[in-house]
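Read through the structure below, which is laid out as structure tokens, and then see the notes.
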Amino acid sequence: MFDHILGNQKIKSYLTRIVERETVGNSLLFAGPDGVGKSLFADAFAKLLLCRIDPKGINKHKIESGNHPDIRIYRPEGKIGMHSIASMRQFSEEVYQSPFEAKCKVFIIHEADRMLSFSANALLKTFEEPSYDTVIILVSSSPSALLPTVLSRCRALYFNPLDELEIASFITQRFGKTNEESKLLARMAHGSIGQAVRLTNEGVGPVRSLMLDLLVKGQLSRYKELTEVASQIAERVEAEKKEIEVEVRKVLLRGMGDDLTSVQKQGLEKEVEGAVTMHAMQEAYALFDMILSWYRDLHLFHLKGNLAFLMHHDYLEACRAAAAKGSIMPIEDVQKAIAETKIAFERSTSLQICLENLFLKLNILFVK
């Protein structure tokens, strides 16, 4: 079930072993960075649980078509990308129902840390007194944001970023890229196979060029230049959101049939909004991480470190020239500025405003 997923071999072996020994337990936490395969592992593990005794392949067929009644998937909803109280209440009710067709039920809660505190507290009883024929999988890139009482009741599996060579090999084999192209994409992916695939499909992209070209300049003399770059980046991210919305809608409609009730349509729209919101958040975080990695590269040059560890190797000479100018902002100050920007973005400040404020904190605007 896990052969199609790259990396984290120990977790593959562990999950297979606990199913074979029937020691799965009721609550598991799949934690780790974005794009390392946590969701793929959750899907594959659910399939393994339901298809272990499935001689006619009925469960397998229904799972692959997206309409098995014993697998329930919960994703953040709405424009703020949070799990709604209604959906968590539904989860609390369904978790005690008997399986319809398989020998157990599997509940997968994606971005489990995106719960309102009220909802998370309401789930405590579910984790304290789980149904014997239920397996709950929490998937989270920020497990520290979960309630400690929820964390303590889950068997936690921590996923590692993938090795660059492993990602590069995958890109070369799957997409026919040259070794050099694959290495560059793998380096930029920061251990995330999801990010590597996105970069391969969409190209390195103008957003990265806009951002790095700005950072290469180091300082601008006019505020208008700063706002124009922030606006261009925000507009491109917004355009990507619309494309993602179309794709997400196609995926969620799979297996739902043509005649949806008004309640189903409303639920679908909330899930689409939630998925698009989470994508926008991931894109914004990727931008912030790009900025951090640029300053990391500057410090690597400044300290005469091994250039093999550069994150933006294709900007090597530009980075060398920028580092030679001196007066590089301490990496701790960059991290603090980015952390503050992430908080502002999560509180619904527009990406453009977030970028403008971040650029100012990084002293990109030079005032005579």
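Residue numbers count from 1 along this sequence.
We find the CD1-CZ distance between Ile108 and Arg75 to be 8.5 Å, quoted to the nearest 0.5 Å. Rounding to the nearest 0.5 Å places NZ of Lys103 at 9.5 Å from CZ of Arg52. If you take CG on Leu362 and CG on Leu215, they are separated by 8.0 Å, rounding to the nearest 0.5 Å. For the atom pair OG1 of Thr126 and CD1 of Ile136, the computed distance is 6.5 Å after rounding to the nearest 0.5 Å. Taken to the nearest 0.5 Å, the NE2 atom of His302 stands 15.5 Å off from the NZ atom of Lys325. Atom CG of Leu157 and atom CZ of Phe45 lie 8.5 Å apart (nearest 0.5 Å).
The heavy-atom pair separating Val106 from Ala46 by the smallest distance is CG1-CB, 3.8 Å. In this structure, Tyr74 and His83 approach most closely via the heavy-atom pair O-CE1, 3.6 Å. Looking at every heavy atom in both residues, Ala102 comes nearest to Leu50 through CB-CG, 3.6 Å. Closest approach of Lys38 to Pro33, counting heavy atoms only: NZ-O, 2.8 Å. The shortest heavy-atom contact between Asp70 and Phe100 is OD1-N, 2.7 Å. Closest heavy-atom contact between Leu146 and Ala112: CD2-O, 3.5 Å.
In terms of the salt bridge (charged side-chain N to carboxylate O under 4.0 Å, His left out) criterion, residue partners of Lys105 (sequence neighbours excluded) are, by chain and number, Asp133. Residues forming a side-chain hydrogen bond (donor to acceptor under 3.5 Å, both in side chains) with Asp113 (at least two apart in sequence, or on another chain): Ser140.
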Exercise. Going through the checks in order, is the salt bridge (Lys or Arg N to Asp or Glu O under 4.0 Å) test met by Arg296 and Asp289?
Worked result: CA-CA 10 Å; Arg296 174 192 171 279; Asp289 289 343; over 6 Å; no
Problem set entry | Worked verdict on Phe175 versus Leu185 for side-chain contact (heavy atoms from CB on, under 4.5 Å) | CA-CA 12 Å; Phe175 300 100; Leu185 291 165; over 6 Å; no
For this session: Evaluate the side-chain hydrogen bond (donor to acceptor under 3.5 Å, both in side chains) criterion for residues Glu93 and Gln97: first the C-alpha distance (whole Å), next the side-chain angles of each, then the deciding distance (0.1 Å), finally the verdict.
Result: CA-CA 7 Å; Glu93 294 171 357; Gln97 295 175 1; over 6 Å; no
Exercise. Given Tyr14 and Asn8, is the side-chain hydrogen bond (donor to acceptor under 3.5 Å, both in side chains) satisfied, shown in steps?
Worked result: CA-CA 10 Å; Tyr14 176 76; Asn8 289 287; over 6 Å; no
For this session: Determine, step by step, whether Met281 and Glu111 satisfy the side-chain contact (heavy atoms from CB on, under 4.5 Å) criterion, reporting the C-alpha distance in whole Å, the side-chain angles of both residues, the deciding distance to 0.1 Å, and the verdict.
Result: CA-CA 12 Å; Met281 190 170 293; Glu111 308 292 344; over 6 Å; no
For this session: Starting from the C-alpha separation in whole Å, work towards a yes-or-no answer on side-chain contact (heavy atoms from CB on, under 4.5 Å) for Met115 and Ile109.
Result: CA-CA 10 Å; Met115 289 187 206; Ile109 303 180; 4.0 Å; yes
Exercise. Does the pair Tyr158 and Asn160 meet the rule for a side-chain contact (heavy atoms from CB on, under 4.5 Å), with working shown?
Worked result: CA-CA 7 Å; Tyr158 291 93; Asn160 295 316; 5.7 Å; no
Exercise. Would Glu273 and Thr277 count as a side-chain hydrogen bond (donor to acceptor under 3.5 Å, both in side chains) if you check the C-alpha gap in whole Å, the side-chain angles of each, and the deciding distance to 0.1 Å?
Worked result: CA-CA 6 Å; Glu273 280 186 345; Thr277 298; over 6 Å; no
For this session: Assess whether side-chain hydrogen bond (donor to acceptor under 3.5 Å, both in side chains) is satisfied between Tyr223 and Glu356, documenting all intermediate values.
Result: CA-CA 9 Å; Tyr223 183 70; Glu356 289 179 13; 3.3 Å; yes
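No donor-acceptor distance shorter than 3.5 angstrom exists from the side chain of Asp297 to the backbone of Leu310, with no hydrogens or angles considered. Side chain of Arg72 to backbone of Phe91: no donor-acceptor contact under 3.5 angstrom is found. Formation of a donor-acceptor pair under 3.5 Å by the Thr349 side chain with backbone atoms of Phe345 is not found in this model. Between the side chain of Ser169 and the backbone N or O of Glu166, no donor-acceptor pair lies under 3.5 Å. For the pair Thr172 (side chain) and Ala168 (backbone), a donor-acceptor distance under 3.5 Å is present.
Between Trp294 and His312, the ring planes lie tilted relative to each other; the angle falls in the 30° to 60° range. Under the 30°/60° scheme for interplanar angles, the aromatic rings of Phe288 and Tyr285 are found to be tilted.
Counting non-hydrogen atoms of neighbouring residues, nucleotides and ligands closer than 6.0 angstrom, the CZ atom of Arg155 exceeds 12 such neighbours. When the shell of 6.0 Å around NZ of Lys60 is examined, it contains 12 or fewer heavy atoms from other residues, nucleotides or ligands. Surrounding NZ of Lys270 are at most 12 heavy atoms belonging to other residues, nucleotides or ligands under 6.0 Å away.
When side chains are defined from C-beta on, Glu101 counts as touching Lys62, because their heavy atoms get closer than 4.5 Å. Inter-residue side-chain proximity for Val207 and Glu283 is flagged as unmet; no heavy-atom pair is nearer than 4.5 Å. Using a 4.5 Å heavy-atom threshold, the side chains of Leu355 and Val229 count as separate.
A salt bridge is absent between Lys183 and Asp314: the closest approach of a Lys/Arg side-chain nitrogen to an acidic carboxylate oxygen does not fall below 4.0 angstrom. The existence of a salt bridge linking Glu317 and Arg320 is confirmed by a sub-4.0 Å separation between a basic side-chain nitrogen and an acidic carboxylate oxygen.
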Below 3.5 Å, can you tabulate the donor-acceptor pairs from side chains in residues 16-32 to any protein atom, sequence neighbours excluded?
| from | atom 1 | to | atom 2 | distance (Å) |
| --- | --- | --- | --- | --- |
| Thr16 | OG1 | Lys12 | O | 2.9 |
| Asn26 | ND2 | Ser131 | O | 2.9 |
| Asn26 | ND2 | Thr134 | O | 2.8 |

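Ser231 and Glu235 share a side-chain donor-acceptor pair at under 3.5 Å.
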